[in-house]
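Treat the numbers as computed from the prediction; the structure is a model and nothing was measured. Along the sequence shown, residues are numbered consecutively beginning with 1.
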Amino acid sequence: MTERWFFAHLMKTGGTSLFFMLQRQFARREMFPPVSDNDMVSVDAPAALAEMKRADSPCRIISGHFPLSCVEEAGGAWRTFTLLRHPLDRVLSALKRQSDRDPNETMETIYNNPLRFHLLFDNHMVKMLGVPPDEIDVGIFSPVRPERRHLDRAMAALERCDVIGVQEDFEALCQRLESTFDWHLGERLMVNRASEHDVPSELVERIRTDNQLDFELYAHALQLLDITATDEQGRPTS
C-alpha cells in the first residue's frame, strides 16, 4: 500500500516554508491542495476529505489548513505531523500579516473583528488539532469555539503524531521529518514573513488572556519534545 501523509498546517507557524520544501519531495499531482494562488483551496476541509476518501486519488500528502481529525473521518492509514508556534508570536504574526494587507486598519480593529478573531486568533492551534470529526463541519470556518475538551483531544493528538515540532526550532523538525520518513527536504526556507509593527501592550495582554488553551497546548508540545530551557514567556532558548 502506498504510504500517505497528513500535515496539519496551522496558520502562521512556519508551515508555508515547510510546504514549499515538501514540493521537493512530492510531485505536484501527489499534493493536496494543489499548488496555486487560490487561498480558499487551502482551507476547504470538505474537499480535502473527499480527496482523502477517493480510492483512485494520486494524492500522497494532504498539507492544507485542515483539522487533524480529517484523518479519523477519512479512515485508512495516514502518517501525521504538525508544527506549532509560541501562541503570542503566532497571533502577532497573523495580526501583522492582516495589517500588511489592509494598512488602513489598526491591529486593534483587526483583532476586534469577530470573523477574523474566530478564524485566526481564538486558540487556533487547539481548534485545528482538537475538534472531533463531528465538528469538522467546514474546517477552519467551523462555528465551534475551542474549549478544554478540545485541548484534551489536541494534547492526545500531539502524542499520536509521528512527528511534531515548533517553529522556534524549525531545523530540528526538518531533521526529524527526514530521519523518520526518509525524506530529503533540501535547503531550509523561511517565507511568508510579516513586516514589523509596534504592538500596544494592552493588546498583548488580551492575546495572552484569550489564548490560554493554546499556551497550554504549546507547553505540552515542548514537554513532548523534551525542551526544558525556556525564557520567561515560555519560548525555547536553545
Side-chain angles (χ1 to χ4, degrees), residues 7-22 33 35-43 63-67 82-129 139-142 145-146 154 164-174 188-219 221-222 227 230-237:
F7 170 34
H9 182 176
L10 312 180
M11 287 189 170
K12 304 309 295 179
T13 61
T16 299
S17 299
L18 182 55
F19 174 71
F20 280 108
M21 293 165 63
L22 290 170
V35 180
S36 74
D37 294 327
N38 184 356
D39 289 341
M40 294 306 296
V41 177
S42 70
V43 297
S63 57
H65 301 296
F66 312 126
T82 194
L83 172 64
L84 293 85
R85 185 178 185 180
H86 188 275
L88 176 60
D89 297 339
R90 193 204 69 79
V91 172
L92 290 177
S93 179
L95 275 170
K96 292 170 184 176
R97 185 64 170 169
Q98 292 293 309
S99 182
D100 288 343
R101 292 175 173 176
D102 193 346
N104 294 321
E105 288 200 74
T106 66
M107 296 184 76
E108 291 94 333
T109 60
I110 293 170
Y111 191 77
N112 288 336
N113 181 287
L115 178 60
R116 284 173 166 168
F117 180 81
H118 174 70
L119 296 180
L120 298 172
F121 311 132
D122 184 15
N123 293 287
H124 172 78
M125 296 190 295
V126 165
K127 178 177 181 179
M128 298 305 287
L129 297 180
I140 196 172
F141 295 103
S142 173
R145 283 209 66 188
I164 67 170
V166 292
Q167 188 265 357
E168 294 79 8
D169 197 0
F170 187 72
E171 174 60 27
L173 168 72
C174 294
R188 308 316 190 212
L189 300 175
M190 191 57 65
V191 301
N192 200 32
R193 288 182 170 179
S195 61
E196 292 300 318
H197 294 258
D198 291 328
V199 184
S201 58
E202 296 85 355
L203 181 57
V204 169
E205 291 309 311
R206 284 182 59 196
I207 293 169
R208 292 185 192 281
T209 300
D210 291 340
N211 284 271
Q212 281 305 303
L213 297 180
D214 265 7
F215 273 97
E216 291 186 48
L217 180 64
Y218 181 79
L222 295 185
I227 296 176
T230 59
D231 63 17
E232 65 278 6
Q233 305 300 331
R235 300 180 184 91
T237 56

Practice prompt. Keeping the roles fixed (side chain from Ser93, backbone from Asp89), state whether a donor-acceptor pair exists under 3.5 Å.
Written response: no

Donor-acceptor pair, distance only, cut-off 3.5 Å: does the side chain of Thr82 make one with the backbone of Ala8? yes

Any side-chain heavy-atom pair of [X] and [Y] under 4.5 Å:
X	Y	value
Asp210	Val91	no
Glu105	Arg116	yes
Val43	Met11	yes
Asn211	Leu88	no
Lys96	Lys12	no
Met107	Val199	yes
Gln98	Asp102	no

For [X] and [Y], which heavy atoms make the closest approach, and how far apart are they?
X	Y	answer
Leu119	Phe141	CD2-CD2, 3.5 Å
Leu213	Val126	O-CG2, 3.5 Å
Asn123	Pro146	O-CG, 3.7 Å
Pro236	Ile227	CB-CG2, 3.9 Å
Phe215	His86	CE2-CE1, 3.6 Å
Tyr218	Gly234	CE2-O, 3.5 Å

List for me each residue that meets side-chain hydrogen bond (donor to acceptor under 3.5 Å, both in side chains) alongside [X], sequence neighbours excluded, and say none if there are none.
X	answer
Asn113	none
Arg90	none
Gln212	none
Arg206	Asn112

*Evaluate the criterion salt bridge (Lys or Arg N to Asp or Glu O under 4.0 Å) for residue pair Lys127 and Asp122; output intermediate values, then yes/no.*
CA-CA 8 Å; Lys127 178 177 181 179; Asp122 184 15; over 6 Å; no

Separation of [Y] [atom2] from [X] [atom1] (nearest 0.5 Å):
X	Y	atom1	atom2	value
Phe170	Met21	CZ	CE	4.5 Å
Leu84	Glu168	CG	CD	9.0 Å
Leu83	Cys174	CG	SG	8.5 Å
Leu120	Leu95	CG	CG	8.5 Å
Arg235	Gln167	CZ	CD	10.5 Å
Thr237	Glu232	OG1	CD	10.0 Å

**Study point:** Derivation and outcome, side chain to side chain contact (heavy atoms under 4.5 Å, CB included), residues His124 and Ile140
**Key:** CA-CA 9 Å; His124 172 78; Ile140 196 172; 3.7 Å; yes

For His118, the ring-ring contact (aromatic ring centres under 6.0 Å, His included) test, sequence neighbours excluded, returns none

**OP:** Under the salt bridge (charged side-chain N to carboxylate O under 4.0 Å, His left out) rule, collect the residues that match up with Glu171, sequence neighbours excluded.
**Re:**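 Salt bridge (charged side-chain N to carboxylate O under 4.0 Å, His left out) check on Glu171 returns Arg188.
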
Next item on the list: Classify the ring geometry between His65 and His9 as parallel (under 30°), tilted (30 to 60°) or perpendicular (over 60°).
Entry: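 Aromatic pair His65/His9 classed tilted.
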
